[in-house]
Protein chains: 2
Amino acid sequence: MPQRRPVIVYENPRLEIATEIVKSATSGRKTLIIAGNCWVDYQGRASSTLEPGERIFIVKEDGSVLIHRSKGYEPVNWQPSGSVFYTTQRSGILTIRAVRRKPRESITTHFDHVHLIVVLSLVDKGEFSLYASEEDMQRAILLRPSIVEEGLKPITYEKKVEPGFIDVYGIDTKGRMAIIEIKRKTAGKEAVLQLAKYVDSVRNMVNREVRGVLVAPQLVKGAQKLLVTLGLDYRQLDPRKCAEIIRETETKKLADFY
Amino acid sequence: MPQRRPVIVYENPRLEIATEIVKSATSGRKTLIIAGNCWVDYQGRASSTLEPGERIFIVKEDGSVLIHRSKGYEPVNWQPSGSVFYTTQRSGILTIRAVRRKPRESITTHFDHVHLIVVLSLVDKGEFSLYASEEDMQRAILLRPSIVEEGLKPITYEKKVEPGFIDVYGIDTKGRMAIIEIKRKTAGKEAVLQLAKYVDSVRNMVNREVRGVLVAPQLVKGAQKLLVTLGLDYRQLDPRKCAEIIRETETKKLADFY
DNA sequence: GAGTGGATTTCGCAT
DNA sequence: ATGCGAAGTCCACTC
């Protein structure tokens, strides 16, 4: 039984060889990295051209394409997953065309020199987890409403109203309805205005006093004033606190279980 | 004088060697690619963990970091440019920590096996140009208003009015004011409503008949009906056509110049 | 430096 | 499939 080769490297391959490697890698659903001198044309939702230069060209197993320059977080050209590849070689130039349907678009990359090709078979079953998201904050509030205010009773969450979705709503100690808008980071004016819209929309639907509460770790400068003007409340809440509450509750559940 | 080495490759380096290569690459502002088995912790605007698996780890010259799995357009973990790096090696594990200020966040990547390290010095002066943007469509309309309708005379563009910006406005053959809202791709209901707001706003300001014209390559399903209901016009216009017009005009300008 | 809007946004989820 | 909202969005531009 042959051993797995996670990485196969070709340094300065002849263009004919490079062409064959690329063809076999793209048809064999391998991850492919090319470093070389190339120029790129994109046609699709917009159009673009990239003049010659040395870049890193990556094709992943699912047919996504990334072309990276030596600077910047974002790829200069790209294609999301699902591309079909056409690789050709003619008069000293290797051309890789990646075509996607829906939306119809294509990236054509021409290489006149290939410094390096790497073909990878990556084994990756590891799980990725993101914590302290807005969803976690919502869960934390539902688990322990007192972190927003004492006596709050959540009624429901992710409720659809005309302008969008309300994160949580509940009844406060004085029997008023409380609309809760959650932001996991510093809330700006747009968050305040969104909450105002929700509150307005709910006021037109229910026969009860309605309050709006913005829950966020912080506010931008102008937002505080805007909140006051619009008669809305604010409750400072750190996402880390929420993560803690979720952790505690999970632990408690486990303890109750045993 | 030593020749430039655009690509230096190390296959299955010992971890001690790998550590030194990474240190010298990050301090020397080189582009670095590592393929290996790693796990990742992120702390910052949110928090995340990524369990062990084989991935591609990239550091660029400006200190941006990308960690890519074998699938998907987006990196699983990343850091925009400006990170500072701390590389250490202890009990068989290579740790690379990338820290950024403002916002304060860090990615810590641990490798227990490195299949490949590539250190690159990419020369890339090529210019990147993107065509047929919304701005290009606006320019094309100003250059040749007849593509919207015969006899249209543009008055001004990007005029500030209450709800936002009017892309172009002009006077039509019947002396009416025409508000033109441009979308470079399929226009949705929100574009229609925005235009309606603009038209409404202008009607309150001028003593003249005011029309609204939505210019876009396509409409979403419901938008057509909404346009009719609101008494607005639609003009289909392909961004590629606009690019063509701009090209022709530039050519003509050159010809006139000589 | 902070806020605002756009993107070849991408992605996920609900309809 | 389509539409809508969120993102560790990033990025460029304005104030």
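Throughout, a chain's letter reflects where its sequence line sits, starting with A, and its residues are numbered from 1.
As a whole-Å value, the separation of A:E190 CD from D:dA7 P is 12 Å. Going from atom CZ of B:R45 over to atom P of D:dG8 covers 8 Å, rounded to whole Å. B:L66 places its CG atom 12 Å from the C1' atom of D:dC10, with the value rounded to the nearest Å. Nucleotide C:dT8 holds its C1' atom 14 Å from the CG atom of A:D41, rounded to whole Å. Between the P atom of C:dT9 and the CD atom of A:E105 lies a distance of 8 Å, rounded to the nearest Å. Computed from coordinates, the A:K225 NZ to C:dG3 C1' distance equals 16 Å when rounded to whole Å. Atom CD of A:Q138 is separated from atom P of D:dA6 by 11 Å (rounded to the nearest Å). What separates CD of A:Q194 from C1' of D:dC4 is a distance of 12 Å, to the nearest Å.
The residue from A:L227, A:L232, A:L237 that alone fulfils the side-chain contact (heavy atoms from CB on, under 4.5 Å) condition with A:L214 is A:L227.
Comparing D:dG8 with D:dC4, their P atoms are spaced 22 Å from each other, to the whole Å. Across D:dC10 and D:dA6, the matching C1' atoms stand 14 Å from one another, rounded to whole Å.
Nearest to the side chain of A:Y42, among C:dA2, C:dT8, D:dA6, sits C:dT8.
Residue B:S106 holds its OG atom at 10.0 Å from OH of B:Y86, rounded to the nearest 0.5 Å.
Neither side chain, A:S48 nor A:D41, offers a donor N or O lying under 3.5 Å from an acceptor on the other. B:Q194 and B:E181 form a side-chain donor-acceptor contact under 3.5 Å, judged by distance and modelled atom types alone.
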Would you give me the side-chain donor-acceptor pairs under 3.5 Å for residues 30-38 of chain B, sequence neighbours excluded?
residue	atom	partner	partner atom	Å
B:K30	NZ	B:S121	OG	3.1
B:N37	ND2	B:D112	OD1	3.2

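Checked against salt bridge (charged side-chain N to carboxylate O under 4.0 Å, His left out), B:R29 has no partners two or more places apart in sequence or in another chain.
For the pair B:R100 and A:E181, both in contact range of DNA chain D, the more 5′-proximal nearest nucleotide belongs to A:E181. Residue-to-nucleotide proximity on DNA chain C shows that, of A:K189 and A:I107, the 5′-proximal contact is made by A:K189.
Applying a 4.0 Å cut-off to non-hydrogen atoms, the residues of residues 67-83 of chain A that approach DNA chain D are A:Y73, A:E74, listed by residue number.
Residue-level contact check: B:F128 touches the bases, meaning some heavy atom is under 4.0 Å from a base atom.
Side-chain rings of A:F111 and A:F57 approach one another, their centers coming within less than 6.0 Å.
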